[in-house]
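Taking it in order: structure first as structure tokens, then the write-up.
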Amino acid sequence: MVGLEEFYEILRDPVAYGRKLKSEGHRRIVGYFCSYTPEEIIYAAGAHPFRIFGTGDTIHLADVHFQAYCCSLVRGALEGALAGRLEFLDGAVFPHTCDSIQRLSDVWRMNVKGPFHLDVVLPVKLDTESAKAYMSDVLHKFVRDLESRLNIRIEKGAMQDAIRVFNRIRRHLGRLYEIKSEQPGIISGSDLHAIVKSSMIMDRDRLMEILPGIVTELEREKGEASEPAGKRLVMAGSICNHPDIYRIIEEAGGVVVGDDLCTGSRYFEGITIDQDDPVVAIAERYMARPPCPAKHAGLYERARHLVNIVREKKAQGVVFFFLKFCDPHAFDYPYLKEALDRAGIPSIMVEVEDQLPSEGQMQTRFETFIEML
Ligand code: SF4
Ligand code: SF4
């Protein structure tokens with residue numbers, strides 16, 4: 001598939017990719033955490049939004065600031081920053097989401113020298129009129145903060161262009177997911193994961209040179225590829241740093257046809273609808289997007305959303321995939337599982353650290369689960 005290797009290369013070494021962008025005199029590079037960071041505004045500021053997932057280093061510097069029971073994403077990101085491996089960043093943006101990211105922001109502000117630091121203190125509750133007004137105010141402030149840190153002015157036209165770019169990216173990623181669900185054998189789970197995850201890191205102009213070609217290629221091949229015998233599964237949870245998990249599931253007789261993951265559909269869900277104030281348009285997308293566990297939009301919204309995905313994708317079961325010590329997802333798990341049980345949808349829960357447990361052990365667990373579906 002054209003361009004696929006480029007996505008894998010970025011995931012193998014995102015730091016090298018960031019340095020390469022920097023050395024090419026690319027846009028200024030702004031690191032960010034989590035899809036609640038308004039990437040469109042960063043892009044409209046003439047900068048490049050670069051998602052930080054940790055650097056894969058052995059963690060020892062971050063241990064001075066974080067207990068071992070913080071998730072590996074925040075510990076890994078801090079380790080990379082303290083070790084000077086993120087020196088190519090011109091700034092870092094921290095959205096107000098889970099406790100771990102909020103504390104990471106504090107530790108980063110006090111200990112990481114050099115790049116500018118910005119918080120985006122979004123509302124936690126997302127289903128009220130006042131939250132909508134508050135969300136817009138916060139994003140307007142983020143525009144002003146970014147203008148002052150980068151010493152530029154963000155024009156309305158640039159913002160509208162950025163919204164169009166990100167809407168195109170989201171539509172293409174969404175279409176890839178639809179194609180995968182329509183014909184699961186057409187692209188492997190690991191390949192799809194690599195495309196979506198590296199889309200959060202890659203130069204977005206380059207991304208839009210490659211992505212439409214991949215969608216066209218798969219549309220053309222649709223109907224030709226043979227169907228795997230796999231049982232259809234939905235994956236739900238936080239960050240997935242393990243492309244191998246998709247292969248293990250496939251070898252155990254399953255196939256992931258949809259997800260509710262931070263490294264999956266949660267990244268590209270929802271289109272920003274053009275309106276007079278582009279910042280309000282961005283705020284409205286966040287308000288309408290299905291919430292993650294660090295946000296609230298009604299007591300049952302997440303369960304309703306998950307059951308809907310399963311029904312829509314005609315899936316037979318759910319794989320919960322959590323990073324160890326990720327409290328928001330762990331807290332939501334019992335109620336989500338109960339909702340799935342009530343709807344007659346079987347599920348399995350897998351919790352991982354930086355490394356996957358032994359492959360044989362995982363394979364056996366998945367085989368047992370998939371056999372009973
Ligand atoms: S669970 Fe929510 S806060 Fe955490 S990374 Fe995902 S979108 Fe961000
Ligand atoms: S949502 Fe979970 S995985 Fe993501 S940063 Fe917070 S604790 Fe870590």
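Position 1 is the first residue of the sequence, and the numbers go up from there. In listed order, ligands and their atoms are each counted from 1.
- Cation-pi geometry between Lys295 and Tyr36 is met: under 6.0 angstrom from the ring centre, within 45 degrees of the axis.
- With His96, His329, Gln102, Arg289 as candidates, the residue nearest to atom 1 (S) of ligand 1 on a non-hydrogen basis is His329.
- Residues Tyr333 and Phe320 place their aromatic rings such that the two centres sit under 6.0 Å apart.
- Neighbouring protein atoms of atom 6 (Fe) of ligand 2 (N, O or S, distance under 2.8 Å, waters ignored): Cys98 SG.
- Checked by atom type, the side-chain pair Asp191/Tyr8 shows a donor-acceptor distance below 3.5 Å.
- Residues His117 and Ser105 bring a donor and an acceptor atom of their side chains to less than 3.5 Å of each other.
- A salt bridge (Lys or Arg N to Asp or Glu O under 4.0 Å) with Glu39 is found for exactly one of Arg204, Arg285, Arg51, namely Arg204.
- Cys262 SG, 2.2 Å is the protein heavy atom nearest to atom 6 (Fe) of ligand 1.
- Side-chain atoms of Asn167 come within 3.5 Å of backbone N or O of Thr272 as a donor-acceptor pair.
- Contact atoms of ligand 1 toward Arg266: 7 (S) (distance under 4.0 Å to a heavy atom of the residue).
- Of the protein's non-hydrogen atoms, Cys292 SG, 2.3 Å is the one closest to atom 2 (Fe) of ligand 1.
- The aromatic rings of His242 and Phe321 stand perpendicular to each other, their planes meeting at an angle above 60°, with 30° marking the opposite boundary.
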Please assess Tyr134 against Leu139 for the test side chain to side chain contact (heavy atoms under 4.5 Å, CB included), listing each intermediate value before the final yes or no. CA-CA 9 Å; Tyr134 179 71; Leu139 295 183; over 6 Å; no
